[in-house]
Amino acid sequence: MNKLNTSSSELDLDRPNIEDYLPSGSIQEPHGELRLRDLLDISPTLTEAAGAIVDDSFTRCFKSNPPEPWNWNIYLFPLWCLGVVVRYMILFPLRVMVLTLGWIVFLSCYFPVHFLLTGQEKLRKRLERGLVELICSFFVASWTGVVKYHGPRPSMRPKQVFVANHTSMIDFIVLEQMTAFAVIMQKHPGWVGLLQSTILESLGCIWFNRSEAKDREIVARKLREHVHGADNNPLLIFPEGTCVNNHYTVMFKKGAFELGCTVCPIAVKYNKIFVDAFWNSRKQSFTTHLLQLMTSWAVVCDVWYLEPQNLKPGETAIEFAERVRDIISVRAGLKKVPWDGYLKYSRPSPKHREQKQQSFAESVLRRLEEK
Amino acid sequence: MGSALSVLTQYDIEEVQEHCNHLFTQQEIVTLYKRFCQLDRNSKGFISSDEFLSVPEFAMNPLSQRLLKMTDGLNFKDFVAFLSAFSARATVQQKIEIIFKVYDSDSNGKVTFKDLIEVLQDLSGAFISDKQREEVLSQLLQEAGYKKESSLMLDDFIKILDHQGLKMEVEIPVD
């Protein structure tokens, strides 16, 4: 997973200028005659570098704060132990049973429907959708999920996509419980991948592979085909492209915003008091993450279905993406950072360094001419 | 304080503070420790170049490669000592010293014309031709009274750079 190649130029050819977002307090516009000290004084650049070493907005997006231990007291500690016993010995087995029951019900209905109703497409699709919503409800119940949905429920119409901020793969389950979306996801290994290739396939889900650069064009085409088909399930996209810790949003990829259709934003915010739902894929596997959720008290979250947005005249896809990101961030109380989520997996493109070099070079040459 | 510890004791904080000449407060050292542990992903006791480069803001910096040579393999104590030049409490001389060290890549106490050109190259990239870089640098050196063949020492740097405008501070967030 630790690919060190610089991100392909496709990924950030027309990103908004990061310089606008980064602190540049120490860089004053130099003027006046060029002297030796101006050429030798690298303090602005060094300050930026040291500032990045001390703190940077990108790493903050993926930090999961460990909960403060509160069980250090003589009476709190037994209470906490009791809580652990209840969670692991009572709640967890109950939840496993609920989930197992759910899977039995689901699988025993799904396979007959899928294989026997091959003649009646419409009925089969409707039943499959209902069944997927059912199994997702079982999942949510297995974490004692308390989900509050606000706003009008998604409707099945062509030429619309749904976009949401991304904290963990459970976002998909929480949203799927209400509406059987077709989603675009990274293909995973293991049991998740098995589920992806069998059941989710029938919903019309689309897979991509982050590490393949050419993949983008193929995926873009599949997206466009899906959206324009009248019978397809509504498409859900997570434009951040990676899981973020539910306090920040990283830049939205423009793919979802140049399909020529309405974009319906969905904001998801988890309540951290009960459990931190952020899935730090570098630190834990999805199975561990699920087990962690199943041994916590509850997963509490709010889901807001926001007003559908269209591309405004004269707006580029990137501006559109930023506008929608703004809407979602404001609703869910998240801070925006100017970074591409894929920087988790690759280095920034040399374009940014070149921009800095260019502005330095231009300032030197300009002042040289003033002499 | 050899390999990374998960908990910083009062003794450790004082030892680190001593090592950086009290240029950071104890609170700031605690914050820096949290940051060090965050960057040092597998708790080896030092931050590898790769881990530094995983901070996009740092990777984008034109001088990142030079700085990596200076920060490679530093344990926490030396990490804080390295950053101490950027403290608001550091003197101008200490700041100029670290600037000198960035130029003096072979650490022999002398900064040659070649060193100066290399740093200029990092800063300006392909946007100034090699020939122009050499011309500008030679001209400015001459105007300041230095010969192209002579190398600059720390005292020369202090003479050239010491002026009111030299500001090189980083604020350590203290929560």
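Letters A, B, ... mirror the listed sequences (proteins, then strands); counts begin at 1. Since this is a predicted model, take the numbers as computed values, not measurements.
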Proximal component of A/Leu40, with respect to chain B [non-hydrogen, under 4.5 Å]: both

Is it the case that the side chain of A/Glu354 and the backbone of B/Gly125 share a donor-acceptor pair, with hydrogens and angles ignored and the cut-off at 3.5 Å? no

Mind listing the closest non-hydrogen atom pair of A/Thr47 and B/Glu169 along with its distance? CG2-O, 3.3 Å

Counting only N and O atoms by type, is there a donor-acceptor contact under 3.5 Å from the side chain of A/Asp56 to the main-chain atoms of B/Phe58? no

Nearest 0.5 angstrom please: B/Asp122 CG to A/Phe360 CZ, how far? 10.5 Å

Examine distances only and state if a side-chain atom of A/Arg35 and a backbone atom of B/Leu140 form a donor-acceptor pair shorter than 3.5 Å. no

side-chain contact (heavy atoms from CB on, under 4.5 Å) between A/Leu365 and B/Phe127: does it pass, once the steps are laid out? CA-CA 10 Å; A/Leu365 292 175; B/Phe127 298 93; over 6 Å; no

Separation between CG (B/Leu63) and NZ (A/Lys356), nearest 0.5 Å, reads 10.5 Å

Which atom of B/Glu57 lies closest to which atom of A/Ala52, heavy atoms considered: CB-CB, 3.6 Å

To the nearest 0.5 Å, atom CG of A/Leu343 lies from atom CE of B/Met60 at 9.5 Å

Does the A/Arg37 side chain pair with the main chain of B/Leu161, one donor and one acceptor, at a distance under 3.5 Å? no

Please check if any side-chain donor atom of A/Arg347 sits under 3.5 Å from a side-chain acceptor atom of B/Ser54, or the reverse. no

Looking only at heavy atoms, what is the nearest atom pair of B/Glu143 and A/Leu34, with distance? OE1-O, 4.5 Å

Output, in order, the C-alpha distance, side-chain angles, deciding distance and verdict of side-chain contact (heavy atoms from CB on, under 4.5 Å) for A/Leu39 and B/Leu116. CA-CA 9 Å; A/Leu39 223 51; B/Leu116 295 172; over 6 Å; no

Take atom CD of B/Glu135 as the centre, draw a 6.0 Å sphere, and report whether it contains more than 12 heavy atoms from other residues, nucleotides or ligands. yes

In terms of heavy-atom contacts, A/Leu36 and B/Ala144 come closest through CD2-CB, 3.7 Å

Rounded to the nearest 0.5 Å, what's the gap from CD1 on A/Ile42 to CD1 on B/Ile98? Could you check? 9.0 Å

Quick check on the interface: out of B/Val136, B/Val102, B/Leu141, B/Leu53, who has the most heavy-atom pairs with chain A under 4.5 Å? B/Leu53

B/Val170 and A/Ala50 have their tightest heavy-atom pair at CG2-CB, 3.7 Å

Above 12 or not: heavy atoms from other molecules or residues under 6.0 Å from NZ of B/Lys110? no

Around B/Glu171, counting heavy atoms of other residues, nucleotides and ligands shown, do more than 12 lie under 6.0 Å from its CD? no

Is it the case that more than 12 heavy atoms not belonging to B/Gln10 sit under 6.0 Å from its CD atom? yes

Report, as yes or no, whether the 6.0 Å neighbourhood of atom NZ on B/Lys159 holds more than 12 heavy atoms from other residues, nucleotides or ligands. no

For each of B/Ile47, B/Val111, B/Ile128, tally heavy-atom pairs with chain A at distances under 4.5 Å, and name the one with the top tally. B/Ile128

Verify side-chain contact (heavy atoms from CB on, under 4.5 Å) between A/Thr59 and B/Gln38, making sure each step is shown before the conclusion. CA-CA 9 Å; A/Thr59 320; B/Gln38 188 186 46; 3.8 Å; yes

How many angstroms lie between CD in A/Glu48 and CE in B/Met168, if you round to the nearest 0.5 Å? 13.0 Å

Heavy-atom pair of closest approach, residues B/Phe52 and A/Ile53: CE2-CG2, 3.8 Å

Can B/Phe86 and A/Val54 be said to form a side-chain contact (heavy atoms from CB on, under 4.5 Å), step by step? CA-CA 10 Å; B/Phe86 297 92; A/Val54 166; over 6 Å; no

So which part of B/Leu123 gets closer than 4.5 Å to some heavy atom of chain A, the side chain, the backbone, both or neither? both

What part of B/Ile96 gets closer than 4.5 Å to chain A, counting heavy atoms only: side chain, backbone, both or neither? neither

Region of B/Leu137 that comes under 4.5 Å of a non-hydrogen atom in chain A: both

With a 6.0 Å cut-off (strictly less than), is the heavy-atom count around CD of A/Gln284, excluding the residue itself, greater than 12? yes

Just verifying a value: how many Å separate A/Asp41 CG and B/Ile99 CD1, rounded to the nearest 0.5 Å? 5.5 Å

Under 4.5 Å from a heavy atom of chain A, the part of B/Ile160 involved: both

Per-residue contact mode, B/Glu51 against chain A (heavy atom under 4.5 angstrom): neither

Would you indicate whether the side-chain heavy atoms of B/Ser124 and A/Val364 approach each other to under 4.5 Å? no

